[in-house]
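Report on one structure; see the data block that follows.
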Amino acid sequence: MNNIGTSPTNFIYQIIKNDLTSGKYVSIRTRFPPEPNGYLHIGHAKSICLNFGIAQMYHGKCNLRIDDTNPLKENIKYVDSIKHDVQWLGFHWSGVVHYSSDYFNQLYDYAIELINKGLAYVDQLSPDEIRRYRGTLTCPGKNSPYRSRSIEDNVTLFSKMRHGKFSEGQACLRAKIDMASPFMVMRDPVLYRIKFAEHHQTGTQWCIYPMYDFAHCIVDALEGITHSLCTLEFQDNRQLYDWILDNITINVHPQQYEFSRLNLKYTVISKRKLNLLVKHSIVESWDDPRMPTISGLRRRGYTAASIREFCSRIGVTKQHNNVDISVLEACIREELNENALRAMAVINPVRAVIVSLPIGYEKIIDMLNHPNKPEMGMRQVMFSREIYIDFNDFLEAGHSQYKRLVLGKEVRLRHAYIIKAESIEKDEIGNVKTIFCSHDPNTLNQHPIDGRKIKGVIHWVSVSHNMEAEFRLYDRLFKEANPTAEEKFFSTINPQSLVIKQGFVEEGVVEVLASKANTSFQFEREGYFCADNYCYNSSRLVFNRTVSLRDTQGIKKVDI
Ligand code: ATP
Ligand code: MG
């Protein structure tokens, strides 16, 4: 893989390099630990590229660990999608897929060890009381009245918890640390809670489940993780991470390092919020091409390499960031500019008849599949007397800036003739129905012999040789750059985030799709599109616009 999505200059890379050169470690092991409560998104891609990329760069190993300690929110379908997305991004985990639930027995034993050391107790305050007793940032917390229970009582009570003798919320296991700690996470954090929920891996074996903070550090240590990389909101939790490992019998102590989360403008990156979009039918599904999920981006036409390239460009720091979506778009645009086959598609069709050509006139025109890459081959496109051009490429009365077809003026048909709009026919409500044109017979893919300059070039599709197609044009999902505030969330959805058009493509596109060699095209002057994977094998052609041709709106200049 030529691009592993991580930059060799980021600070974590430096730390690992030092640890290897100093001999602190001979080999490194990282992990990517998603919770299976939703599909992976572009933020996860950053973490995947970092963890797997670093392991790859240093000939280390990276585990995929499904962090499944909360059965109520988790689902096996998410586990499957996570595995698929990581592989699709081009990464390979070390050995089998790990689950935090693989370690439930060991975690339980470590909890008992903490109880036996007088470092954990069964609390019977209600969840509300626990919150109230915790205090605030400016006010220390209060000890629970159950904090001073004997070790024997705690052992018995914890065993009762495990055997379903308490109901949910009636008891929990807490670490005995310091209710006045400046770190809120150290104020006797809950280690285990009761949940009578069936787990996708362990079924009904357990009715108590460990909290993230308790499980994560221990599982990291059990898996021999050397560098545990997480996002900045876990900075304070590092105190607890270290406290737990320092107080149990385990001979490995991974080091946690934090980096900033990726945020992208005009979208939301949080499984919870993405789930809301799906639930409220604002998008079709988790893999709706407007979603910043890996599956949404894939369906939109993003490649794994373009996502890795994006992760490499944004880098890894501790700075809060809100990256412009244009950075992501640039990555796929650059790749498709190099690799996508060119074809013509008319998205807003209007019929043009070249009356100076004989009725039934057809002509095969050879076109390069890529203007700068003859090695990508040629294709034959049928030109005919009747063609579709784009409605937006015609004006009855033009102006000096308008370089397309104007009544009484000439324009170049891409790879074909120079035509002149002679007259139009309108329907009963005044829309242009047909444009009648003449052509200059000496200009088939050639400059006019009299040397006159024709500035505009427009694309076309033959009326008799085409395929009908649906074009889905996507825009940003939100009108506001930072739709994070809950109250703004629904009110700032962009109603134009999906516009559907019915038009036509060159018929040869179907053969390319059938050969499965390629699903992405540059439809000349319109943008980069890919065949929608749900419609791929059906007779109905649907194209998703991956990205427009350029960042700013405008007409891209093309050659003849
Ligand atoms: P979400 O808020 O979307 O649920 P999360 O952090 O709760 O995110 P996890 O499934 O727990 O999601 O994340 C797995 C890994 O991916 C974690 O190590 C987490 O730090 C990392 N990660 C999640 N979101 C981002 C992001 N936006 N940028 C970078 N890393 C992220
Ligand atoms: Mg989460």
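First listed ligand is number 1; within each ligand, the first listed atom is number 1. Given the structure is predicted, the values throughout are model-derived calculations rather than measurements. The figures here come from the full heavy-atom set of this structure, side chains too, leaving out hydrogens, waters and symmetry mates.
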Exercise. Under 30°, 30 to 60°, or over 60°: which ring-plane class applies to His227 and Tyr257, parallel, tilted or perpendicular?
Worked result: parallel

Problem set entry | Arg272, any N or O under 3.5 Å of ligand 1 N or O | no

For this session: Rounded to the nearest 0.5 Å, what's the gap from OG1 on Thr317 to CZ on Phe11? Could you check?
Result: 7.0 Å

For this session: Find all atoms of ligand 1 within a distance of less than 4.0 Å from any non-hydrogen atom belonging to Glu35, and give their numbers and elements.
Result: 9 (P), 10 (O), 11 (O)

Problem set entry | Sub-4.0 Å heavy-atom contact, Phe32 with ligand 1 | yes

Exercise. So, Asp532 and Arg299, do they make that salt bridge, N to O below 4.0 Å?
Worked result: yes

For this session: State which residues pass salt bridge (Lys or Arg N to Asp or Glu O under 4.0 Å) with Glu309; sequence neighbours excluded, sorted by chain then number.
Result: Arg313

Problem set entry | Which segment of His41 sits under 4.0 Å of ligand 1 when only heavy atoms are counted | side chain

Exercise. Any N or O on Ile269 sitting closer than 3.5 Å to an N or O of ligand 1?
Worked result: no

Problem set entry | Ionic contact status for Asp288 with Arg300, cut-off 4.0 Å | no

Exercise. Do any N/O atoms on Ser260 end up under 3.5 angstrom from N/O atoms on ligand 1?
Worked result: no

Seminar exercise, completed: Heavy-atom proximity to atom 6 (O) of ligand 1, picking from Lys73, Glu258, Arg31, Arg261, points to Arg261

Problem set entry | ligand 1 atoms in contact with Pro33 (distance to a heavy atom under 4.0 Å) | 14 (C), 18 (O)

Exercise. Does atom NZ of Lys117 have more than 12 heavy-atom neighbours from other groups under 6.0 Å away?
Worked result: yes

For this session: Within a distance under 4.0 Å of any heavy atom of Pro34, pick out the atoms of ligand 1 and give their elements.
Result: 10 (O), 14 (C)

For this session: Take the angle between the ring planes of Phe523 and Phe543 and call it parallel below 30°, perpendicular above 60°, tilted in between.
Result: perpendicular

